[in-house]
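Here the structure comes first, spelled out in structure tokens, and everything after it is commentary.
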Amino acid sequence: MKPRGFVTLITDFGLGDWYAGTLNGAILSIAPHACIIEVTHSIPRGDVIGAAIALRSSYRYFPAGTVHMIVVDPGVGSARKILYAERDGHRFIAPDNGILPLALGTGAMKGSRFLENAKLWRERVSHTFHGRDIMAPVVAHLLNGVSPARLGPTCRNFVTRSFPRPRDFSARSAAGEVLYVDAFGNLITNIEEDSPITKGGGEITVRIRGKGIKGVSSSYESVPRGELLAIWGSSGFLEIAINGGSAAKRLRAGRGSGVDLERMRSRGKENERR
Amino acid sequence: MKPRGFVTLITDFGLGDWYAGTLNGAILSIAPHACIIEVTHSIPRGDVIGAAIALRSSYRYFPAGTVHMIVVDPGVGSARKILYAERDGHRFIAPDNGILPLALGTGAMKGSRFLENAKLWRERVSHTFHGRDIMAPVVAHLLNGVSPARLGPTCRNFVTRSFPRPRDFSARSAAGEVLYVDAFGNLITNIEEDSPITKGGGEITVRIRGKGIKGVSSSYESVPRGELLAIWGSSGFLEIAINGGSAAKRLRAGRGSGVDLERMRSRGKENERR
Amino acid sequence: MKPRGFVTLITDFGLGDWYAGTLNGAILSIAPHACIIEVTHSIPRGDVIGAAIALRSSYRYFPAGTVHMIVVDPGVGSARKILYAERDGHRFIAPDNGILPLALGTGAMKGSRFLENAKLWRERVSHTFHGRDIMAPVVAHLLNGVSPARLGPTCRNFVTRSFPRPRDFSARSAAGEVLYVDAFGNLITNIEEDSPITKGGGEITVRIRGKGIKGVSSSYESVPRGELLAIWGSSGFLEIAINGGSAAKRLRAGRGSGVDLERMRSRGKENERR
């Protein structure tokens, strides 16, 4: 038996039906050595941005060579294409609706191809389930060693999207926004840990929905239970959280809510708790 | 190490407790080479019909030889038996409550046996968890090569059930009903894609809950966002959906809601979008 | 390729984000032969007792040698330590917040160590995701054969907790309480099947929230649909259930609700249905 081939799945199928399970079968029928990891099937229906954030935050933790398959596909059955791309030794298949450029960065995508070689697909393709009938078989053939060159023609004219970037981005201030609300109610922003503002001295103040948060904490428990904090989260972005609660509920904040940072001039004591 | 043996799980355990996970352990303790795919644990509690539809719609996408185990078992601990059967090279184990005849068709079931050989079970069998204590060990022994003949005696007197069939089923009309509502709110009916009514010319009109839908679409996006459509779904049945919404909510429809089809005489332009 | 190494996961991450999936990647990147079973990711946020019950009820059904990893960790990023322990050939890693002593019994824990050898961790450890950055790599190294002695120093001063034990515990009576409510609404108590009260003759009466239940049933269907029953559950504890319903909702009972047992003197007919 071959060594394992790794596949991750990100979909908006939910877990109430057989759709996610069937993807596994469609892959294993062709590549019985596949090791399939279900990153999440709970992306809100059709939420391309949510899927991209899940992918961007997870893919690099898997072994190189992993094929990441994303099925958030409101255009299934229409003329939309399906895209293959590579980055840093990882391989990706997703509908051509902006997920891969969002997650990987358009400039960092390599070897982009549209899936057009129907010989690698299920013989009969349904109108509504290209994940099962096109994407899963192609993933399996890749695991079996089929060259990406056989999937279809190289392409540059795929749909591109990008996340909103922070405005006013200096060593003293930044104006960002919330990109994602996780199941804990943590607000993940678009302000990265290696931004200019993190380099200077003096305390950072974070403002969101009229509230001010002084300093960036190093753990949820570094503030009293029930209080707001800002923290550099596990995806490398600034997050707004509540120790033991939901910042999204408390602040009535969600994707797009503005988040402003300001760095005070240092006057002796460094109050930041990094 | 042996090549992998495939197992699928369909249960009504939900994901909030350790029950589904424990089934995995009970199988792997006996058959460490098992590859277990959790098709769904979210069947509504005790919903034999829902479990049968999930099984029927998923099993054929797995490799031949797969053992499919279904634990929707309101009669656990009572005198109800547990059934083994085969179809098309797939193997199935489920409580004898009609799930397998519903999913596979009574006539197509082969090699049916009741599980009676307690030597293949956990030594101590609980009152409430035969999935863990009887079914999982038997699945594992099958993966290890134990012959089905050792499970128990052949049987014909298992519980039989069948799905409601469409009435008035001709090339001109059909009167069916909704069998299943998926997590997207799509209404899966009992009208199959290879029914007589799909063969003729002229446009099909679908009626449900007082609404009429003209034609059968080939993608969700072939109608404007928010509008109703009919489409041949991925399980081979006619589905009623809303582009970007929930048909179940909009129509207040559910299992058992009537769905009528009528084929108009063709007058020139074929309006069906298949 | 090595034989499989088994890992189970119990977390409070939920399934809506990429956190649970990322744990898989972090393990497989170091130990590609890992076989990871997700027991549950639906522990209520920060619920140490719920996590301990899930672990206690599930771990012994997995193969010996399995590494069980529990990430319910409200103190992540603070000074709390992470604990390794063994019991009965199983291995465990969890935050030092009482989960392991609760689930395994402090006296039965062997080889306890604090995770302190950062060479076995991810090079850059985040503030908020020690499951991914510390625990998962250590699990993977254990699967690869690294000796527990390399994880960190042995310890005895870990946080200990224990479940409430039944009071007034004799052959005639017991006063216990509800430990856990499962997704079916079954109330799992702290009264064990091999308690003194189960040894005597005569019928047991169970009292909870002002209701009396006569006898212990052997199946849910041994009482009429919709009626209360008591049953020895699959985890070895007395459970209060409703045939086809939720005892938690009906009784408005939850963790901590009192459950009293009384054994009547036997007068001829043994009414218990074991």
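Residue numbers begin at 1 in each chain, while the letters A, B, ... track the order of the sequences.
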If you take all heavy atoms of [X] and [Y], which pair is closest and at what distance?
| X | Y | result |
| --- | --- | --- |
| B:Thr22 | C:Ser58 | OG1-CB, 3.6 Å |
| B:Asn24 | C:Phe62 | C-CE2, 4.2 Å |
| C:Pro63 | B:Ser29 | N-OG, 3.5 Å |
| C:Arg4 | B:His33 | NH1-C, 3.5 Å |
| B:Gly21 | C:Ile37 | O-CG2, 4.0 Å |

Discussion item. If I measure from the heavy atoms of chain C, does B:Phe13 come under 4.5 Å with its side chain, its backbone, both, or neither?
Written reply: both

Worksheet item: Does any heavy atom of chain C fall under 4.5 Å from the side chain of B:Ser126, the backbone, both, or neither of them?
Response: side chain

Fill in: Choice from B:Ala136, B:Pro74, B:Ala20 maximising heavy atom contacts with chain C below 4.5 Å
B:Pro74

Worksheet item: In terms of heavy-atom pairs under 4.5 Å, which option from C:Gly50, C:Cys35, C:Ala183, C:Ser57 contacts chain B the most?
Response: C:Ser57

Item to complete: Kindly assign one of parallel, tilted or perpendicular to the pair C:Tyr180 and B:Trp18, based on the angle between their ring planes and the thresholds 30° and 60°.
Response: tilted

Practice prompt. Any chance you could measure B:His127, atom NE2, to C:Ser219, atom OG, to the nearest 0.5 Å?
Written response: 9.0 Å

Worksheet entry | Separation between CZ of C:Phe184 and CG of B:Asp17, rounded to the nearest 0.5 Å | 7.5 Å

Determine whether a donor-acceptor pair (N or O, by modelled atom type, separation under 3.5 Å) exists between the side chain of [X] and the backbone of [Y].
| X | Y | value |
| --- | --- | --- |
| B:Arg132 | C:Tyr61 | no |
| C:Ser234 | B:Phe129 | no |
| B:Arg45 | C:Gly244 | no |

